[in-house]
There are 2 protein chains.
Amino acid sequence: MFIELDLQSETPIYAQLVDQIVEGIASGELKRGDPLPSVRRLAEELGINLHTVNKSYNLLKQEGFLQVHRKQGVIVHPDGMPGVTEAFEAKLQRQLRSLAAEAAVRGMTEEAFTEESRSVYRDTITNRGGG
Amino acid sequence: MFIELDLQSETPIYAQLVDQIVEGIASGELKRGDPLPSVRRLAEELGINLHTVNKSYNLLKQEGFLQVHRKQGVIVHPDGMPGVTEAFEAKLQRQLRSLAAEAAVRGMTEEAFTEESRSVYRDTITNRGGG
DNA sequence: ATATGTGTTATACATGTAATATAACAGATG
DNA sequence: CATCTGTTATATTACATGTATAACACATAT
């Protein structure tokens, strides 16, 4: 897998895992219906506990990004991703507001902030490594 | 004060406080040298504990946003705000990446994401209420 | 001097989250 | 039957959050 954890980070492991799986879908590295490792295998691979992986998988399942097949195990949701919900819009605005405020206070211009957002978006959907 | 806390939120109170003070500076509601309420007064005003306010003030002091005068109490730093440090750049990119990935997966276009960033930035530096 | 108001520090306590460790269960697969 | 799925339950450790109480050093005003 492409996942790299920072065990020193203040960001919880399960949250890092959620982020990187979503980023994997965004970059095209993970496509509809693609299988993910079992909770036990991924946990061992990453050197973390089964329950931590399970927590991440469950969050992603609740959000509609993943699906659990009794047969195929955990897979990327084959019927497409959920759209821009109100909950996501609210979260997006809340976090952007916090970042924009600090950026503005530190002297970052509107253009710089906007272009950084654009740049990061582009990097995100760009395929990484070899798919 | 202009501060409104959401005690039900999963965002820690001290973090909400930090955010809103930074937003107050960004919007121009708080200017260089402006005094802030004492930890005890603000705590009582908001119905929270002294130490929670103190934690927020300390974080803002360490970042260089606030200054503590033995005489004037806590004030907005009079010598200007800190610039775009490497640490802030890293934090900005890390959080933007997470948001951009989820936005992209949910079908939000680069333009939509970029314009939302620009819009939030503008709202942030726009004066609120009556300064 | 006394009282009051600063920020600061120390200690203690309660609560919730994060992460780990074992263990067991139901269903599917070989 | 053994093995591999996700899932659930329980227990434990560690840390973050928030509150509570108290005290300290310094400054101000009466």
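None of these values were measured; they are calculated from a predicted model. Heavy atoms only: backbone and side chains are in, while hydrogens, waters and symmetry mates are out.
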Here's a test of your reading of the structure: between A/Pro12 and B/Asn58, which maps to the more 5' nucleotide of DNA chain C? B/Asn58

When we call it a touch if two heavy atoms are under 4.0 Å apart, what does B/His51 touch: a base, just sugar-phosphate, or nothing? base

Distance check needed: C/dT22 P versus A/Asn49 CG, whole Å only. 10 Å

For residues B/Ile75 and B/Leu66: do they belong to one hydrophobic cluster (side chain heavy atoms under 4.5 Å, members Ile, Leu, Val, Met, Phe, Trp, Tyr)? no

Roughly, in whole Å, what's the span from CG in A/Leu5 to P in C/dA18? 15 Å

Do the non-hydrogen side-chain atoms of B/Ile3 and B/Ile21 ever get within less than 4.5 Å of each other? yes

Look at the side-chain N and O atoms of A/Lys55 and state whether any lies under 4.0 Å from the OP1 or OP2 oxygen of C/dA18. yes

Within this structure, what is the CD-to-P distance between B/Gln72 and C/dG7, rounded to whole angstrom? 12 Å

At a cut-off of 3.5 Å, list every protein nitrogen or oxygen paired with a nitrogen or oxygen from nucleotides 24-30 of chain C, distance to 0.1 Å.
residue : atom : partner : partner atom : Å
C/dA24  : N6   : A/Arg40 : NH2          : 3.2

Measuring from atom CD of A/Gln16 to atom CZ of B/Arg94, what distance do you get when rounded to the nearest 0.5 angstrom? 9.0 Å

Evaluate side chain to side chain donor-acceptor pair (under 3.5 Å) for B/Gln67 paired with B/Gln72, printing each intermediate quantity in order. CA-CA 10 Å; B/Gln67 205 182 50; B/Gln72 316 172 39; over 6 Å; no

Tell me, do A/Val76 and A/Ile25 make a side-chain contact under 4.5 Å, heavy atoms counted? yes

Look at the side-chain N and O atoms of A/Tyr14 and state whether any lies under 4.0 Å from the OP1 or OP2 oxygen of C/dA18. yes

Might you work through the side chain to side chain contact (heavy atoms under 4.5 Å, CB included) test for B/Gln93 and A/Glu116, ending with a clear yes or no? CA-CA 8 Å; B/Gln93 291 193 12; A/Glu116 177 115 20; 3.0 Å; yes

Yes or no on salt bridge (Lys or Arg N to Asp or Glu O under 4.0 Å) for A/Glu44 and A/Arg41, after CA distance, side-chain angles and deciding distance? CA-CA 5 Å; A/Glu44 192 184 18; A/Arg41 259 188 35 84; over 6 Å; no

Heavy-atom donor-acceptor pair, B/Arg106 side chain to A/Gly83 backbone, under 3.5 Å: yes

For atom CD of A/Gln8 and atom P of C/dA18, their distance in whole Å: 18 Å

Expressed as a whole number of angstroms, how long is the span from B/Arg41:CZ to C/dG7:P? 11 Å

Measure CD/A/Glu44 against P/C/dA21 and give the value in whole Å, please. 12 Å

Tell me which of A/Val39 and B/Gly47 sits closer to the 5' end of DNA chain D, going by the nucleotide each one is nearest to. A/Val39

Give a yes or no on whether A/Glu111 atom CD has more than 12 heavy-atom contacts from other residues, nucleotides or ligands under 6.0 Å away. yes

In whole angstroms, how far is the C1' atom of C/dT17 from the CD atom of A/Glu10? 15 Å

C/dT8 phosphate, OP1 or OP2, under 4.0 Å from B/Asn54 side-chain N/O: yes

Reading DNA chain D 5' to 3', which nucleotide is the first, and which the last, to come under 4.0 Å of any heavy atom in chain B? D/dT17 to D/dT28

Phosphate contact (C/dG5 OP1 or OP2) by B/Ser38 side-chain N/O below 4.0 Å: no

